[in-house]
Amino acid sequence: MRLATWNVNSLKVRLPQLLAWLVRHHPDVVCLQETKLEDAAFPRDDLAKAGYAACFAGQKTYNGVAILSRAAPQEVSVGIPGFQDEQKRVIAATLDGIRVVCVYVPNGQSVGSDKYDYKLRWLEALTAWLKEELERHPQLAVLGDYNVAPEEADVHDPKQWEGQVLFSGPEREAFQRLLSIGLKDSFRLFPQPEKSFTWWDYRMNAFKRGMGLRIDHILLSEALARRCTRCVIDVEPRREARPSDHAPVIVELKP
DNA sequence: ATGGTAGAAACTCTA
């Protein structure tokens with residue numbers, strides 16, 4: 001079984017690239033973030049023709065998440081229960097016995113801003129909910145754009161990024177608290193190339209210069225981590241014309 | 001010292 005996550009930064013713009021990517025990688029499940037589409041505009045038919053069912057929670061202009069799957073999604077839920085949020089950042093579904101949670105963590109804008117406080121509150125609410133969700137569903141996978149680079153190895157220049165949003169202490173501590181409920185960063189279950197990143201700013205030729213961060217993650221419960229045989233970042237879509245600023249991440253699970 | 005780019009949508013905000 002193959003699960004993937006990709007912040008597409010506008011599903012409308014990226015749909016042709018996504019459809020081609022699905023043919024190349026034939027994942028069973030794909031979590032998408034920043035679809036930036038209202039539900040009425042979701043390209044359900046194009047994806048159905050490609051062999052994928054979809055559940056989605058979108059809004060105009062910003063945010064928006066979706067789960068594509070070969071199997072029909074079961075027990076679909078939107079948002080973090082009990083956490084009031086206008087922004088569409090979470091959708092979950094059960095697929096082939098696996099509870100799949102797709103998250104688009106707030107960016108945080110800058111350390112100390114209102115959006116940064118919202119990000120930290122949001123991560124605490126996510127952690128509290130997922131702790132319960134893990135008890136209900138031992139086979140839990142949480143995929144998405146976390147907007148947090150956990151370790152120095154996940155940042156092209158840790159000195160430059162120290163204390164900055166996406167790599168600040170409180171964000172990294174919140175990420176560790178999320179792992180502490182019983183989730184594993186699947187990427188670090190295996191030896192990986194140095195300077196492995198999933199996001200590069202559109203500006204300053206950051207991609208060509210290797211100025212990236214690893215902020216998109218696939219977290220697995222212990223039960224799923226035991227089944228995991230591979231986790232890779234696919235940088236190819238980032239090289240294409242008119243790319244998303246994020247690369248997809250893929251995991252393989254054995255039966 | 002605070003721009004640089006991309007997306008959506010409206011002439012600015014978010015990332």
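In this text, all values refer to a predicted model and were calculated from it rather than measured experimentally. In the text below, chain A, chain B and the rest are named by the order of the sequence lines, each starting its count at 1. What's counted below: heavy atoms across the whole structure, side chains too, no hydrogens, waters or symmetry copies.
A gap of 15 Å separates the P atoms of B/dA9 and B/dT14, to the nearest Å. Between B/dA1 and B/dT12, the two C1' atoms lie 23 Å apart (nearest whole Å). B/dA8 and B/dT2 have their P atoms separated by 30 Å, given to the nearest Å.
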Where do A/R188 and A/D154 land on the salt bridge (Lys or Arg N to Asp or Glu O under 4.0 Å) test, with the steps shown first?
CA-CA 11 Å; A/R188 295 300 178 202; A/D154 302 317; 2.6 Å; yes
Could you run through nucleotides 5-15 of chain B and give me one letter per nucleotide, 5' to 3': B if any protein heavy atom sits under 4.0 Å from the base, S if only the sugar-phosphate is that close, - if neither?
BSSSS---BSB
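In this structure, A/E162 places its CD atom where only 12 or fewer heavy-atom neighbours from other residues, nucleotides or ligands lie under 6.0 Å away.
A salt bridge links A/E133 with A/R136; the closest basic N to acidic carboxylate O contact falls under 4.0 Å.
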When the side chains of residues 44-56 of chain A are checked against the rest of the protein, which donor-acceptor pairs come out under 3.5 Å, sequence neighbours left out?
| unit_1 | atom_1 | unit_2 | atom_2 | d |
| --- | --- | --- | --- | --- |
| A/Y52 | OH | A/P27 | O | 2.6 |
| A/Y52 | OH | A/R70 | NH2 | 3.2 |

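Judged as a salt bridge (Lys or Arg N to Asp or Glu O under 4.0 Å), the pairs with a partner in residues 241-255 of chain A (not counting sequence neighbours) are, in order, A/R2-A/E252.
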